[in-house]
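Only one structure is covered here, and it is reproduced in the block below.
The chains referred to below are lettered A, B, ... by the order of the sequence lines, with proteins before strands, and numbering in each begins at 1.
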Number of protein chains: 2
Amino acid sequence: MTTIKDVAQLANVSIATVSHVLNGTRFVSKEVQLRIMNAMETLNYQPSAVARGLRTKKTNTMAIIIPDITNPFFADFTRGFQDVVDQKGFLVLVCNSDRILTREIRFLEMIWQQRVDGVVLNPAMVKVEDLSRLVKARISVVLIGSQIDNPDFNVVMIDNVKGGFDATQHLIDLGHRKIGLVCGLLNTTSGGLRYQGYLKALEENGIPFQDDLTAEGPITYEGGYQCTRQLLSKNELPTAVFATSDVMALGAKTAIEDVGLQIPGDISLIGFDDIPEVSRTRPRLSTIAQPKYGMGQEAAIILLEQIENKQTNTRKRVVMTHKVIARESTAALK
Amino acid sequence: MTTIKDVAQLANVSIATVSHVLNGTRFVSKEVQLRIMNAMETLNYQPSAVARGLRTKKTNTMAIIIPDITNPFFADFTRGFQDVVDQKGFLVLVCNSDRILTREIRFLEMIWQQRVDGVVLNPAMVKVEDLSRLVKARISVVLIGSQIDNPDFNVVMIDNVKGGFDATQHLIDLGHRKIGLVCGLLNTTSGGLRYQGYLKALEENGIPFQDDLTAEGPITYEGGYQCTRQLLSKNELPTAVFATSDVMALGAKTAIEDVGLQIPGDISLIGFDDIPEVSRTRPRLSTIAQPKYGMGQEAAIILLEQIENKQTNTRKRVVMTHKVIARESTAALK
DNA sequence: TCATTATACGTAAACGTTTACGTAAAGGTT
DNA sequence: AACCTTTACGTAAACGTTTACGTATAATGA
C-alpha cells in the first residue's frame, strides 16, 4: 500500500507539504500542488485513516448498538442516525446485541478499543456501571428509548408510560374494559414502561387489573403470536388487545385470525411503533407512532455537538412526542 | 486515555511485556501477569485498536455497502453477514448508498481509507474500473446480487435471469398471457436481469412482448405503487403482474386494490425476494424466495477465508438457489 | 547595501502499538 | 571452573500521519 512518503518522494517535496495539501491546512504553490496531486493519482494513493486517527485522536467513526437491525424500528432509527452523521463525514459501525448482556458488553468494549468518537446505545440488559467506564474514557454516549433515565447520560426517548397510557385509553374510550396486554419482557425493555401506562389507564378508569389478561414474551413476530394464543386460550376472552410493539402486534393479528376471530369485530388491536408494515395490513393496524427516523437524527445531533465542542460533561435529554394513530383495527365495543 | 505505557509503568515492567500478556504471545510469569492485569484494571485500560491497526495492518473491521438498510432484504442479508464475521471478532461498518453513484464511490473511498479488511458491496451504479482500484490496494471485495458477473471479483448471487423466468413461467402455467411487469430501473439493478428472464419466458411460450405492459421505477413501495397505477391506466389490463422485488409488489398490491380490483380474482401478483411482510398480507403474496440471510453468510465466509489466507488473488463465485413460493396471490386464469 | 520581513517549504517528534533482537540471571554440562 | 542453555524479560524500531518549529530564498525598506 502506498504511503504519504511515496507521494512526497515522487513529487519531490517533504511529507509535510503533502499532508498540507491533503488537508488544505497551509498555503502551497499551485505548481507544487499539481505535482503532488499527480503523484497521488499515479500512485493510487489514499491516506490512512488509522494513522491519522492515531495522531489526531479522532476516528471519524460512530457506533450504534441495537438489538436487531432486522427490526424495522431500529432500521429506521439507524437510517436517521446515519443520514445526519454522514453529512459530517462519519462512518458508523452497527452492532446487533439481541438484547443479550454479554453481547452488549462485548460490543461496548470493542468499540471502545476502536476509539469511536461517539456511541448510541439501546440498552437492554446493561447497567449504568458498565457504561460509566465508557464515559470516563471520554467517549460520548447517547441512550435511546431507554428505561435508564439517568442524568449522567444523554437520552433521546419518548414518554413510554404516557404512550402505554394513551394506547390503553384509546381502547377504553371505545368502550372496552377487558383489555389484554401483549408485552415484551418487563424488566428489560421499554415494554415495562408501557405496561405501567397500561396499569395507570386501567386504574384511572376504575377497571380492575386481571393478571390472566397479560402475557409476556420476546419482542418478535413469533413472540407476539405465542403470547396472544396464550391469552385466547383462557376461558374469558379480552375484547381488545394492546401489544407493546408492532412486531408483536403483527403476531397477535395472525393469532387472532387463526382462532377464527375478526379484527376489529370480535377483538380490537392496537400496537406500538408504527412500522411501515402495519399500515399495509388488512385491516390496517392502529398504533402509537414513534418518530423513529427523527429520533435517530436527534441522537446524531447530540453526539456531533458534543464532539465538535469537546464537551463531554454536559448532558442532554430530549423526549419526543408520540401520536396515537387510530386505523381500522380498533373499533367501538358492540 | 490511558496507554500501554501507563500500564507498564504501574506494573513496573516494559511495554513489551504488557503487550505480550495482552496477546498471549509469549510466556510471562504468573506473578508479573497478575501485576499487569491489576494495573490494567485500576487504570481502566483498553488497548487502542487504531494503534494496533497501524502496526499490524489489520483493523478487524469489515464494511458493507448496500442501497438501504431499511429494505428488509438488505437488513436480513446484513444480519447474516454480521453474525458470521462477529464470531471472528470483526466489527462492520454499514453504508447506505441509495443506489447513487457519488455515494457509492464516496463510501468506497472512505472505507478504503479506513483500511477495512474486507468489503461487501451491492453495486448499483458503480463500474468495474472504480472497483479494480480497490482490489489493487489488496482489499478483499465480494459483490452481491450483482449484474457485474466479472471473473475479477468474488460474487455471491442467485440466477436472476432464471428467477425472472420462473416467476413468469409460474404465471403462464396458470394460464396468463397478458402479464404486466413492474420493475426497478433496468440498467442499474438486478431487476434488469429478471426482466430478461421475463422476456425469455414470454418468448419460449410464444407470447408476444407488449411494451405497454411494463413499467420501470424506483425500488420502493411508492415506486411499485406508481408503476402499477401506470399499468392499470392503459386500456388493456394485464391479468397478472410480476414485480421484480417484494417491496414493489407491496406497492403493486395497494395500487391494484385501490382501483377496486381483486387479487387474485382479477389480477394475479407475484413478487421477488420473500421478505417477511409478504407472507403476512391478505392475500399472502406469491414470490421468488432468495436465501437472504444465507447469502450474507456466504459473503462473510468468502471474505474471512481470503483474509486468513492472505490470498487476494483467487476468486469465488457462488450462486445460490432460489425457490418459487406459490401463495394466495396467484391463481389460474378464469 | 544591509537589515528586516514575507514567502514557501522542510525537519523531526509524537501518537500507541507490535515484534525482531538483545541480555541478565539461573541452571546444566563437562 | 568455564562454558553453554534456558528462562524471563527489556530495548528500540517501525507502522503512516499531523504539526510545532525551523530555514532558505526573495522581497521590502532605509
Discussion item. Under a 4.0 Å threshold between the charged nitrogen and the carboxylate oxygen, would B:Glu298 count as salt-bridged to B:Lys316?
Written reply: no
Fill in: 5' to 3' contact window, DNA chain D with chain B (heavy-atom distance under 4.0 Å)
D:dA8 to D:dG16
Discussion item. Less than 4.0 angstrom from a charged side-chain N to a carboxylate O is my criterion; do A:Arg99 and A:Asp68 meet it?
Written reply: no
Item to complete: Would you mind classifying the nucleic acid contact of B:Val50 as base, sugar-phosphate or nothing, using non-hydrogen atoms under 4.0 angstrom?
Response: nothing
Worksheet item: From A:Lys88 NZ over to A:Ile301 CD1, what is the distance, rounded to the nearest 0.5 angstrom?
Response: 10.0 Å
Practice prompt. Check every strand shown and say whether A:Thr56 touches a base, only sugar-phosphate, or nothing at a heavy-atom separation below 4.0 Å.
Written response: sugar-phosphate
Worksheet item: Which salt bridge (charged side-chain N to carboxylate O under 4.0 Å, His left out) pairs, counting each pair once, include a residue from residues 12-37 of chain B, with sequence neighbours left out?
Response: B:Glu31-B:Arg35
Item to complete: With side chain to side chain donor-acceptor pair (under 3.5 Å) as the test, would you mind laying out the steps for A:Asn60 and B:Gln114 before giving the verdict?
Response: CA-CA 10 Å; A:Asn60 285 313; B:Gln114 289 288 342; over 6 Å; no
Response to the item:
Computed from five pairs at either end and rounded to 10 degrees, the angle between the axes of the helix from C:dT1-D:dA30 to C:dT30-D:dA1 is 60°
Practice prompt. Please tell me which of B:Arg115 and B:Arg26 maps to the more 5' nucleotide of DNA chain D, matching each residue to the nucleotide holding its nearest heavy atom.
Written response: B:Arg26
Worksheet item: Looking only at side-chain N and O atoms, does A:Ser29 come under 4.0 Å of OP1 or OP2 in C:dC9?
Response: yes
Item to complete: Output yes when a side-chain donor or acceptor of B:Asp117 lies under 3.5 Å from a complementary backbone atom of B:Thr59, and no otherwise.
Response: yes
Item to complete: Please tell me which of A:Asn23 and B:Ile15 maps to the more 5' nucleotide of DNA chain D, matching each residue to the nucleotide holding its nearest heavy atom.
Response: B:Ile15
Response to the item:
d(A:Trp112 CH2, A:Ile139 CD1) to nearest 0.5 Å is 7.0 Å
Discussion item. In this structure, how many angstroms lie between the P atom of C:dA8 and the NZ atom of A:Lys30, rounded?
Written reply: 12 Å
Practice prompt. State, yes or no, whether a side-chain contact exists between B:Gln33 and B:Val13 at a heavy-atom distance under 4.5 Å.
Written response: no
